[in-house]
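Remarks on the structure that follows.
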Amino acid sequence: MAMAMRLPAIAIAATEMASAPVGLRRLFCSNASKFSFLSPQANAETPARPQAEPSTNLFVSGLSKRTTSEGLRTAFAQFGEVADAKVVTDRVSGYSKGFGFVRYTTLEDSAKGIAGMDGKFLDGWVIFAEYARPREPYRPQNNMPPPPYGNRY
DNA sequence: AGTGAGCGG
């Protein structure tokens with residue numbers, strides 16, 4: 001069950017999935033420090049990506065590339081009022097990048113959305129729902145590439 | 001543009 005994360009859902013035993021939401025990925029990362037003898041520099045070096053604070057906006061990954069924004073909205077709307085749902089697509093090809101965002105109208109609903117959808121199946125794939133990090137500001141003024149993370153004002 | 005981690009234009 002080590003490689004059960006990004007496999008097609010059909011390949012995953014249902015019994016293993018019942019209790020395996022986002023927690024798994026996080027546990028593998030955060031618990032790495034407990035096995036520092038396996039990776040000596042993991043302790044202080046690996047910040048283990050801090051989880052974003054609660055938000056009405058969710059980052060949803062692990063999506064089937066056939067899942068549309070509409071399908072995303074429909075699925076998450078079972079657990080709250082969805083203000084916006086969008087599958088991120090490649091600008092030129094139009095194909096899904098396999099992740100997206102779901103914005104609920106309230107924090108309560110977004111919490112219920114995570115509880116209801118994280119680790120669940122959508123279009124045959126186990127998806128992950130978590131609070132989105134604050135979105136990067138959009139600056140259409142010039143063609144400059146966006147600044148690196150942590151270097152914004 | 002090989003199914004796969006990721007935080008959008």
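Keep in mind that this is a model prediction, so the values were computed, not measured. Each chain gets a letter, A, B and so on, in the order the sequences are listed, and its residues count up from 1.
Atom CG of A:L72 is separated from atom C1' of B:dC7 by 14 Å (rounded to the nearest Å). Atom CZ of A:R73 and atom C1' of B:dG8 are 16 Å apart (whole Å). A:D118 places its CG atom 17 Å from the P atom of B:dC7, with the value rounded to the nearest Å. The distance from atom CG of A:N57 to atom P of B:dG8 is 11 Å, rounded to the nearest whole Å. A straight line from CG of A:D84 to C1' of B:dG8 spans 11 Å, rounded to a whole angstrom. Here the P atom of nucleotide B:dG6 and the CG atom of A:L58 are 18 Å apart, to the nearest Å. Following rounding to the nearest Å, A:F99 (CZ) and B:dC7 (P) show an atom-to-atom distance of 7 Å. The interatomic distance linking A:F128 (CZ) with B:dG4 (P) rounds to 16 Å, in whole Å.
OP1 and OP2 of B:dG9 both lie 4.0 Å or more from every side-chain N or O belonging to A:R91.
The nucleotide whose nearest atom lies closest to any side-chain atom of A:W125 is, among B:dG4, B:dG9, B:dC7, B:dG4. Looking at the side chain of A:R135, the nearest of the listed nucleotides B:dG6, B:dG8, B:dC7 is B:dG8. If you check B:dG6, B:dG8, B:dC7 against the side chain of A:K86, the one that comes closest is B:dG8.
Nearest heavy-atom pair across A:L122 and A:I127 is CB-CG2, 3.8 Å. Residues A:S69 and A:A85 come closest through the heavy atom pair CB-O, 3.5 Å.
Between A:F101 and A:F59, the distance separating the two ring centers is shorter than 6.0 angstrom.
Residue A:F101 and nucleotide B:dG8 are classified as a stacked aromatic pair, their ring centres being separated by less than 5.5 Å at an interplanar angle below 30°.
Along DNA chain B, the nucleotide closest to A:K65 and the one closest to A:A132 are compared, and the more 5′ of them pairs with A:K65.
Contact annotation for A:T89: backbone-only contact, meaning every heavy-atom pair under 4.0 Å involves sugar-phosphate atoms and none involves a base. Contact annotation for A:D90: no contact, since no heavy-atom pair falls under 4.0 Å across all strands.
Among residue pairs with one or both ends in residues 87-110 of chain A, those qualifying as salt bridge (charged side-chain N to carboxylate O under 4.0 Å, His left out) are A:D109-A:K112; sequence neighbours excluded.
Contact annotation: the side chain of A:L58 approaches that of A:Y131 to within less than 4.5 Å [non-hydrogen atoms, C-beta and beyond].
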